[in-house]
Amino acid sequence: MKREFLMRITKYPQFGLLVLALLTITACTTSFTNESIDYKSQGEKKTPNLSVPPDLSMPNMDKRYGVSDGVATLSQYNSSTTKGKEVVNKNTVTPEQAGFKIEREGNRRWIVAQKSSAELYPKIKSFWEDTGFLLATDSPNTGIMETDWAENRANIPDDMVRRFLGKNLETIYSTGERDKFRTRLEKSPKGETEIYISHKGAKEELTGADKNTTMWTARPSDPELEAELLTRMLVYLGASNETAKTAVKTASDTSKARVARIQTIDQVDTLVIAQGFDRAWREVGLGLDRSNFSVEDRDRSKGIFYVRYVRSNLDPVKKEGWFSSLFSPSKEDELKKAKKYQVIVKSVDNTSTKVIVLDELGKATTPEVAKPILTILDQQVAI
């Protein structure tokens, strides 16, 4: 946090003395907000979608809105509201009762729903918007949505300086980190819908000889942050808060020791995954989501992902002032320039699957193209 202040003081010296003075006065008053997640995308934050309440199962009772007939003492009133809460707490809705369950392999978790993708997609879209995100990709036909880059404001200290400056000057505050999330809805062989959330992170680093400029660089995906968003999504879809937390935390790990390596088979660079097709398809899909790929379509029956490979998702943005945007997604015209590829997932037997990369027309690519892409996937699927 101190580093971020210094960065901004260097860029905006007219505010340096004021900020440093306030920091000196309030150095011992810093605290953090109670919420672990408070995202705010670029642009105006959307208001909550009232058509889909965040939790349909356990509305919080508030004494301010309790109405009692006749005259009652304070102790009687408190007793009646406590009993009301006890009744509500008994009526918890588990994920299974709401038609969902959590499955897990290693540090990856996903939701399995007894509902169709068409039914779930609008609700999940509303979830991201109500959480504070704007959607950069919104594709109901492919079941893929991706958020804009956003900052978790809950990681910023809620100190006296921040309160003094007020919300109009909050752009002076930054964690120096941004997050974006991709959600993929996939129909399983059993006819269920699998919901995956994958995270991409970025951080702002000081550069230059005098450390007076910054640039955005990638930071590792955060499985725990993915799990937290899965929990909140479960609650949004109808499960109670406590049971959703328990379900995500205690999901049984079904993973086995995996070995993935790149080989040359019939003069073609090939990634061999020591798993059957279903797990390999899931692993490759998550690997693509977590990497610099834009998955435009997929055909599970043929084992094909249609992708564009983008070398970097971190577009530097010209900063014109305090109130200009600090971060933005990749520009649409740059995405169009990215070349298309087919990532082919093919079963060898019940315990082995191979992955190759073809060009847009389904023809073989050069090793200079295929090997880097397979290496990225190898890093994602190997344990």
Side-chain angles (χ1 to χ4, degrees), residues 52 54-57 92-128 137-146 181-199 223 226-241 243-256 258 273 275-290 295 297-306 343 345-347 350-351 353 380-381:
V52 185
D55 189 346
L56 301 178
S57 60
T92 59
V93 178
T94 66
E96 289 78 8
Q97 291 171 331
F100 304 94
K101 63 180 178 179
I102 296 291
E103 293 190 358
R104 175 186 175 187
E105 283 189 358
N107 62 9
R108 298 174 181 178
R109 301 172 179 87
W110 61 96
I111 298 173
V112 178
Q114 305 295 325
K115 299 180 180 180
S116 67
S117 174
E119 184 179 359
L120 290 167
Y121 193 94
K123 295 181 180 179
I124 294 174
K125 177 181 177 179
S126 294
F127 164 78
W128 287 115
T137 300
D138 180 6
S139 178
N141 292 334
T142 61
I144 294 174
M145 64 186 81
E146 187 171 48
F181 298 90
R182 172 171 289 193
T183 307
R184 181 162 51 89
L185 281 66
E186 186 90 39
K187 185 177 180 179
S188 74
K190 298 179 181 179
E192 301 167 321
T193 301
E194 298 172 342
I195 307 171
Y196 302 94
I197 294 178
S198 54
H199 165 252
E226 293 171 350
E228 174 65 23
L229 268 300
L230 273 177
T231 301
R232 295 189 176 214
M233 184 178 288
L234 266 180
V235 174
Y236 198 92
L237 293 172
S240 66
N241 187 45
T243 58
K245 288 181 179 179
T246 301
V248 172
K249 184 177 181 180
T250 62
S252 299
D253 185 0
T254 60
S255 64
K256 299 179 181 179
R258 281 197 295 271
I273 303 175
Q275 289 289 357
F277 176 83
D278 288 343
R279 288 186 175 179
W281 175 265
R282 179 163 55 243
E283 289 291 327
V284 172
L286 287 170
L288 291 169
D289 288 343
R290 285 179 168 179
V295 180
D297 203 353
R298 63 196 183 283
D299 188 337
R300 186 188 180 107
S301 64
K302 296 180 180 179
I304 304 177
F305 288 95
Y306 299 92
V343 176
V345 183
K346 186 175 182 179
S347 175
N350 292 335
T351 60
T353 305
Q380 293 291 335
V381 303

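Starting from 1, each residue takes its place in the sequence as its number. Every value quoted in this text rests on a predicted model; they were computed, and no experiment measured them.
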Original post:
Does the side chain of Leu286 come within less than 4.5 Å of Arg108's, by heavy atoms?
Top reply: yes

**OP:** Find out whether Thr193 and Val112 are in side-chain contact, i.e. whether some heavy atom of one side chain is under 4.5 Å from a heavy atom of the other.
**Re:** no

Under a plain distance cut-off of 3.5 Å, with no hydrogens placed, do [Y] and [X] share a side-chain donor-acceptor pair?
X: Gln114; Y: Glu192; answer: yes
X: Tyr121; Y: Glu119; answer: no
X: Asn141; Y: Ser139; answer: no
X: Ser240; Y: Thr243; answer: yes
X: Trp110; Y: Glu105; answer: no

Original post:
Among all residues two or more places apart in sequence or in another chain, which pass the side chain to side chain contact (heavy atoms under 4.5 Å, CB included) test with Ser347?
Top reply: Phe277

Original post:
Taking only residues two or more places apart in sequence or in another chain, which ones pass side chain to side chain contact (heavy atoms under 4.5 Å, CB included) with Lys125?
Top reply: Glu129, Leu135, Asp138, Met145

Original post:
After noting the C-alpha distance and the side-chain angles of Glu283 and Arg279, does the key distance pass the salt bridge (charged side-chain N to carboxylate O under 4.0 Å, His left out) rule?
Top reply: CA-CA 6 Å; Glu283 289 291 327; Arg279 288 186 175 179; over 6 Å; no

**OP:** Output all residues satisfying salt bridge (Lys or Arg N to Asp or Glu O under 4.0 Å) with Arg182, sequence neighbours left out; order by chain, then residue number.
**Re:** Glu146, Asp289

**OP:** For the pair Phe181 and His199, name the ring-plane relationship: parallel under 30°, tilted 30 to 60°, perpendicular over 60°.
**Re:** tilted

Subject >> Evaluation steps, side chain to side chain contact (heavy atoms under 4.5 Å, CB included), between Arg298 and Thr142 >> reply: CA-CA 8 Å; Arg298 63 196 183 283; Thr142 61; 4.1 Å; yes

